Every structure is written in structure tokens, then in C-alpha cells.
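First the structure, in the form of C-alpha cells, and then the observations on it.
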Amino acid sequence: MRKTNKKVAVPNQPVRLTKQEQEDPLSVLDTFFDTYHLNEVREVLWEWLTAGLTNDQGAYTTARSRSNLLFLYEHVESLTEAAYLIQQNRKTKRVK
């Protein structure tokens, strides 16, 4: 059974970002990477993945759902790395 976040009233629209963050979404990257190091994010993503795959009572009991979880994990990790590079490039340009 698939569960969704009930907060999402409008599909494909930000629900967590403030008005200010929506106007300057790159500031979210600054906040995120000032709070977490890239290696920490990788570790937590890996812990989530292994917890989801090794728990018999979880939502990932079929081969397809486990495959989808792995697919999402890989893309979230890539997205995080790209966001990190964007944030680091912006930070370097501000210092110059």
C-alpha cells in the first residue's frame, strides 16, 4: 500500500519552501550544505536505503518497490551532489 504526504495539496508544487525560499531557491542549498556535509548526506541516504530494504515489515516488500527505491536513492544522491556543486560554485564566486 502506497502512502503519500497528505500536505501536498497541489501536485508538482513546493509545499515546504517559504515565500522567500521560493523567490531565492538557491538559498535553500546554502542552508542545507551549511547544516550538512556531503558525506553526512550520503551516510543518511544509505542508512535509509538499507533500512527500507532489510525491513520485512516495510513498504518495500516486492522486487519492483525495492527496485524503485534503489532508483530513487541513486537519483537523490546525484541530485544532492549536483546541488552541492552549484552551492560551492556560488560560494566561490561570492568570495572573489
Side-chain angles (χ1 to χ4, degrees):
M1 177 161 84
R2 185 179 178 124
K3 296 181 182 179
T4 59
N5 182 349
K6 301 297 183 200
K7 277 180 62 172
V8 182
V10 181
N12 296 317
Q13 294 297 314
V15 295
R16 187 166 305 279
L17 298 181
T18 65
K19 181 87 168 148
Q20 181 180 356
E21 289 169 335
Q22 289 180 37
E23 292 171 2
D24 182 18
L26 293 175
S27 70
V28 177
L29 300 182
D30 291 333
T31 301
F32 184 85
F33 289 109
D34 286 345
T35 306
Y36 302 101
H37 294 284
L38 185 57
N39 286 340
E40 290 175 299
V41 176
R42 283 191 186 112
E43 288 175 20
V44 171
L45 285 174
W46 183 253
E47 288 172 7
W48 285 356
L49 177 67
T50 58
L53 293 177
T54 59
N55 184 344
D56 292 337
Q57 306 301 316
Y60 306 102
T61 56
T62 68
R64 183 176 184 96
S65 64
R66 289 189 300 272
S67 176
N68 288 341
L69 179 61
L70 284 166
F71 187 75
L72 177 64
Y73 165 81
E74 291 170 347
H75 282 88
V76 169
E77 186 174 36
S78 294
L79 178 66
T80 303
E81 290 177 358
Y84 175 79
L85 291 175
I86 291 167
Q87 189 266 346
Q88 290 296 299
N89 288 339
R90 285 183 63 236
K91 190 183 273 188
T92 301
K93 289 177 183 174
R94 284 188 296 214
V95 171
K96 290 182 180 180

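Since we're looking at a predicted model, the values are computed, not measured.
- In this structure, Gln87 and Leu26 have side chains that are not in contact, with every pair of non-hydrogen atoms separated by 4.5 Å or more.
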Query raised in the report: After noting the C-alpha distance and the side-chain angles of Asp34 and Lys91, does the key distance pass the side-chain contact (heavy atoms from CB on, under 4.5 Å) rule?
Result: CA-CA 11 Å; Asp34 286 345; Lys91 190 183 273 188; 3.7 Å; yes
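- The two atoms that bring Arg66 and Thr61 nearest to each other are NH1-O, 3.0 Å, heavy atoms only.
- Taking each heavy atom of Ala59 and Ser65 in turn, the nearest pair found is O-OG, 3.8 Å.
- At distances below 3.5 Å, at least one donor-acceptor pair connects side-chain atoms of Glu21 with backbone N or O atoms of Thr18.
- Counting non-hydrogen atoms of other residues, nucleotides and ligands closer than 6.0 Å to CZ of Arg64 gives a total of 12 or fewer.
- With rounding to the nearest 0.5 Å, the separation of CD in Glu47 from CZ in Arg42 is 14.5 Å.
- Expressed to the nearest 0.5 Å, how far CD1 of Ile86 lies from CD of Gln88 amounts to 11.5 Å.
- Rounding to the nearest 0.5 Å places CG of Leu38 at 8.0 Å from CD of Glu77.
- Closest non-hydrogen pair, Thr80 versus Phe33, comes out as O-CZ, 3.4 Å.
- By the 4.0 Å N-to-carboxylate-O rule, Asp24 lies too far from Lys19 to be salt-bridged with it.
- Distance alone, capped at 3.5 Å, places no donor-acceptor pair between the Asn55 side chain and the Ala51 backbone.
- Residues Thr35 and Glu40 come closest through the heavy atom pair O-OE1, 4.3 Å.
- For the pair His75 (side chain) and Phe71 (backbone), a donor-acceptor distance under 3.5 Å is present.
- The hydrophobic cluster containing Leu17 does not contain Leu29, counting ILVMFWY residues as joined when their side-chain heavy atoms lie under 4.5 angstrom apart, directly or transitively.
- Arg90 is listed as a side-chain neighbour of Asp30, based on a closest heavy-atom distance under 4.5 Å.
- Glu23 contributes no side-chain N or O that, together with a main-chain N or O of Gln20, makes up a donor-acceptor pair within less than 3.5 Å.
- For the pair Trp48/Tyr73, no side-chain contact is recorded, criterion being any heavy-atom separation below 4.5 Å from C-beta on.
- Side chains of Asn68 and Leu72 form no contact here, defined as non-hydrogen atoms less than 4.5 Å apart.
- In this structure, Ser67 contributes its side chain and Ala63 its backbone to no donor-acceptor pair below 3.5 Å.
- Val28 and Tyr36 end up in different hydrophobic clusters when Ile, Leu, Val, Met, Phe, Trp and Tyr side chains are linked at under 4.5 Å.
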